Amino acid sequence: MKTSVFLGALAAASLTAGLAGAATLDDVKAKGFVQCGVATGVPGFAFTDASGEWDGFDATMCRAVAAAIFGDPKAIKFTPTTGKTRFTALASGEVDLLFRNTTWTLSRDTDLKLDFVGVNYYDGQGFMVPKALGVSSAKELDGATVCIQTGTTTELNLADFFRANNISYEPVPIETNAEATQKYLAGACDVYTTDASGLAATRSTFEAPADHVILPEIISKEPLGPAVRHGDSEWADVVRWTLNALIAAEELGVNSGNVEQLGSAATDNPELNRLLGTEGEYGAMLGLPKDWAVNVIKSTGNYGEIFDRTIGPDTQIGLARGLNALWTQGGILYTPPFR
């Protein structure tokens, strides 16, 4: 759910980014928690459970940042944001970072004064339609009504796709996934378009998921990842290397069940030792405890554990790893070296 630029509307907010972006790590330590901007509710990615606690793929990665800093994944507060409000919330300092199905684009990285510190999910935009509509390709949607989140790259990609294929559509603007679901199921639109992962997540909540088809076309690249403000490299490093630690841990065979044992003494793998703090002073370089990565992996599991638990094939969402498999297993998930 990628938001478009809305450069005019956010110009004033982006001017404050440099001021709000300074010394975030010190501010976070002083207040005792991380304030994380998430979606208003996307099954599997960021949602509140029956007890009102935030859970999901993105929410867990927010908790990983808290565990890196405080050794406590509960040292976190969540702020739900829409496609329109998320960048303003970050630029103004209302939140410390975004983990919110947000696509890394040039204009967001520069004109909006954001820093994307990595990709936690490689995605692409798709289309969902009722099976009863009888279409098998997005190219058959001429004249369709389409539920589309305003303020998103989805909106721009949709216009490009229909124009390139010389077909027309009628947009039905919505602001949240919940609103899209309501309108789509009520027949207010023929089609719902967003990230393919979001479509799978939404369909999983339907009473009759099999009555709805995700069409085969993927019309864009949507590298989704955490964003912080420009002008605060120290904070960006903490978020970047927390994500990298989750990925590296999976590659190195470190998980929530064995991390404490592996981190108790040096092993014969130097990179593993550097990751877990038994060799070198890499925690100090980040302004974090020596065992920061141990605390992260112990609290949340590695990248694969988080994926499998929240959105993987055995969950209601049912997503395959695909591009998000490790580079050693046919995907493109890759982290710079810990050295």
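Keep in mind that what you see is a predicted model, and the values were worked out from it rather than measured.
Using bins of under 30°, 30° to 60° and over 60° for the plane-to-plane angle, the ring pair His212/Phe206 lands in the perpendicular bin. Between Phe161 and Phe127, the two ring planes are tilted [angle within 30° to 60°]. Using the six-membered ring where Trp is involved, Phe162 and Tyr169 have ring planes that are tilted, between 30° and 60° apart.
A salt bridge links Asp96 with Lys31: at least one charged nitrogen is closer than 4.0 Å to a carboxylate oxygen. Remark: Lys29 does not engage Glu234 in a salt bridge, criterion side-chain N to carboxylate O under 4.0 Å. Ion pairing between Glu217 and Lys139 fails under the 4.0 Å rule for side-chain N and carboxylate O. Salt bridge present: Arg240 and Asp237 bring a charged side-chain N and a carboxylate O closer than 4.0 Å.
Cluster annotation: Val172 is not connected to Val135 through the hydrophobic network of ILVMFWY side chains, with a link wherever side-chain heavy atoms come within less than 4.5 Å. Taking hydrophobic clusters as Ile, Leu, Val, Met, Phe, Trp and Tyr residues chained together by side-chain heavy-atom distances below 4.5 Å, Trp104 shares a cluster with Val239. In the hydrophobic cluster analysis, where Ile, Leu, Val, Met, Phe, Trp and Tyr join through side-chain heavy atoms closer than 4.5 angstrom, Tyr121 is grouped together with Val119. Side-chain heavy atoms closer than 4.5 Å link hydrophobic residues (I, L, V, M, F, W, Y) into clusters, and following such links, even through other members, never connects Tyr192 to Ile219. Hydrophobic clustering (side-chain heavy atoms under 4.5 Å, transitive across Ile, Leu, Val, Met, Phe, Trp, Tyr) keeps Tyr282 apart from Trp235.
Of the possible donor and acceptor atoms, none in the side chain of Thr85 sits under 3.5 Å from a partner among the backbone N and O of Thr81. Counting only distance, with no hydrogens or angles, the side chain of Gln316 and the backbone of Ser204 share a donor-acceptor pair below 3.5 Å. Judged by distance alone, with hydrogens and angles left aside, the side-chain atoms of Lys77 form no donor-acceptor pair with the main-chain N or O of Val95 at under 3.5 Å. Here the side chain of Arg100 pairs no donor or acceptor atom with the backbone of Arg86 at under 3.5 angstrom. Although no hydrogens or angles enter the test, the distance criterion places a donor-acceptor pair under 3.5 Å between the side chain of Thr267 and the main chain of Asn269. Looking only at distances, a side-chain donor or acceptor of Asp49 sits under 3.5 Å from a matching main-chain atom of Glu53. Within the 3.5 Å criterion, the main-chain N or O of Thr300 finds a donor-acceptor partner in the side chain of Arg309. Looking at Thr193, its side chain does come within 3.5 Å of a backbone N or O of Gly126 through a donor-acceptor pair. Remark: the backbone N or O of Asp190 is paired with a side-chain donor or acceptor of Thr145 at under 3.5 angstrom. His230 places a side-chain N or O within 3.5 Å of a backbone atom of Asp109 that can act as its donor or acceptor partner.
Screening Asn101, Thr105, Asn157 for a side chain to side chain donor-acceptor pair (under 3.5 Å) with Glu222, the sole residue that qualifies is Asn157.
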Residue pair Val228, Thr24: steps toward the side-chain contact (heavy atoms from CB on, under 4.5 Å) verdict: CA-CA 10 Å; Val228 298; Thr24 306; over 6 Å; no
Residues Leu199, Thr202; criterion side-chain contact (heavy atoms from CB on, under 4.5 Å); working and verdict: CA-CA 5 Å; Leu199 294 176; Thr202 298; 5.8 Å; no
Trace of the ring-ring contact (aromatic ring centres under 6.0 Å, His included) decision for Phe57 with Tyr303: CA-CA 9 Å; Phe57 184 75; Tyr303 180 96; 5.7 Å; yes
Side chain to side chain donor-acceptor pair (under 3.5 Å) evaluation trace for Gln35 with Thr79: CA-CA 7 Å; Gln35 192 82 42; Thr79 298; 2.8 Å; yes
Criterion side-chain contact (heavy atoms from CB on, under 4.5 Å) on Gln125 and Leu158, from CA distance to verdict: CA-CA 9 Å; Gln125 183 174 335; Leu158 179 68; 4.2 Å; yes
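Between Phe78 and Phe33, the distance separating the two ring centers is not shorter than 6.0 angstrom. Note: Phe338 and Trp241 meet the aromatic proximity criterion, with ring centroids under 6.0 Å apart.
Of all the heavy atoms in Ala46 and Val38, the pair that sits closest is CB-CB, 4.0 Å. Asp308 and Pro313 get closest at one heavy-atom pair: OD1-CD, 4.4 Å. The shortest non-hydrogen separation linking Gly32 to Ala75 is O-CB, 3.7 Å. Of all the heavy atoms in Ala180 and Cys147, the pair that sits closest is O-SG, 4.4 Å. Closest approach of Val42 to Ala201, counting heavy atoms only: CG1-CB, 4.2 Å. Among all heavy-atom pairs drawn from Ala68 and Thr242, the shortest one is CB-OG1, 3.6 Å.
For the pair Leu275/Leu252, a side-chain contact is recorded, criterion being any heavy-atom separation below 4.5 Å from C-beta on. Taking 4.5 Å as the limit, some side-chain heavy atom of Ile297 sits within range of a side-chain heavy atom of Leu276. Taking 4.5 Å as the limit, some side-chain heavy atom of Asn120 sits within range of a side-chain heavy atom of Asp58. A 4.5 Å side-chain heavy-atom check between Thr152 and Thr103 finds every atom pair outside the cut-off. At a threshold of 4.5 Å between non-hydrogen side-chain atoms, the residues Leu243 and Ile247 count as touching. Residues Arg63 and Ser299 are not in side-chain contact: their nearest non-hydrogen atoms beyond the backbone lie 4.5 Å or more apart.
Checking Ser256 against Asn302 by side-chain atom types alone, no donor-acceptor pair falls below 3.5 Å.
Atom CZ of residue Phe47 and atom CG of residue Asp55 lie 4.5 Å apart, to the nearest 0.5 angstrom. Put simply, CZ on Phe307 and OG1 on Thr60 are 13.0 Å apart, with the number rounded to the nearest 0.5 Å. Rounding to the nearest 0.5 Å gives a distance of 10.0 Å between CD of Gln149 and CD of Glu155. Note that SG of Cys62 is 5.5 Å distant from CG of Leu97, once rounded to the nearest 0.5 Å. To the nearest 0.5 Å, atoms CD1 (Ile148) and NZ (Lys183) are separated by 12.5 Å. Put simply, CD1 on Ile167 and CD on Glu140 are 9.5 Å apart, with the number rounded to the nearest 0.5 Å.
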